[in-house]
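The structure appears below as structure tokens.
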Amino acid sequence: MPPCSDDDDVKEGRLEIVLPELSRANIPISLIYPTRKHIAPKVRLFIQHLERSVNKTSL
């Protein structure tokens, strides 16, 4: 799990890390979608969120 807002949820007990040996592993992520031309706004925002999150953790 990349460091993000979920850390607070883990600290406060709302979320539990299930596989700690994999929780901070660098795991490649692929997004597959038909085309950027007609992508739904919600999907576009999700992709942008993932890009920002991944870029933050890879610094």
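The structure presented is a predicted model; accordingly, all values stated were derived computationally and were not measured.
- Closest heavy-atom contact between Asp9 and Arg14: OD1-NH2, 2.7 Å.
- Between Arg44 and Ile39 the shortest heavy-atom distance is NH2-CG2, 2.8 Å.
- If you chain together hydrophobic residues whose side chains sit under 4.5 Å apart, Leu45 and Leu50 never meet in one group.
- To the nearest 0.5 Å, the span separating CD1 on Ile47 from CZ on Arg52 amounts to 11.5 Å.
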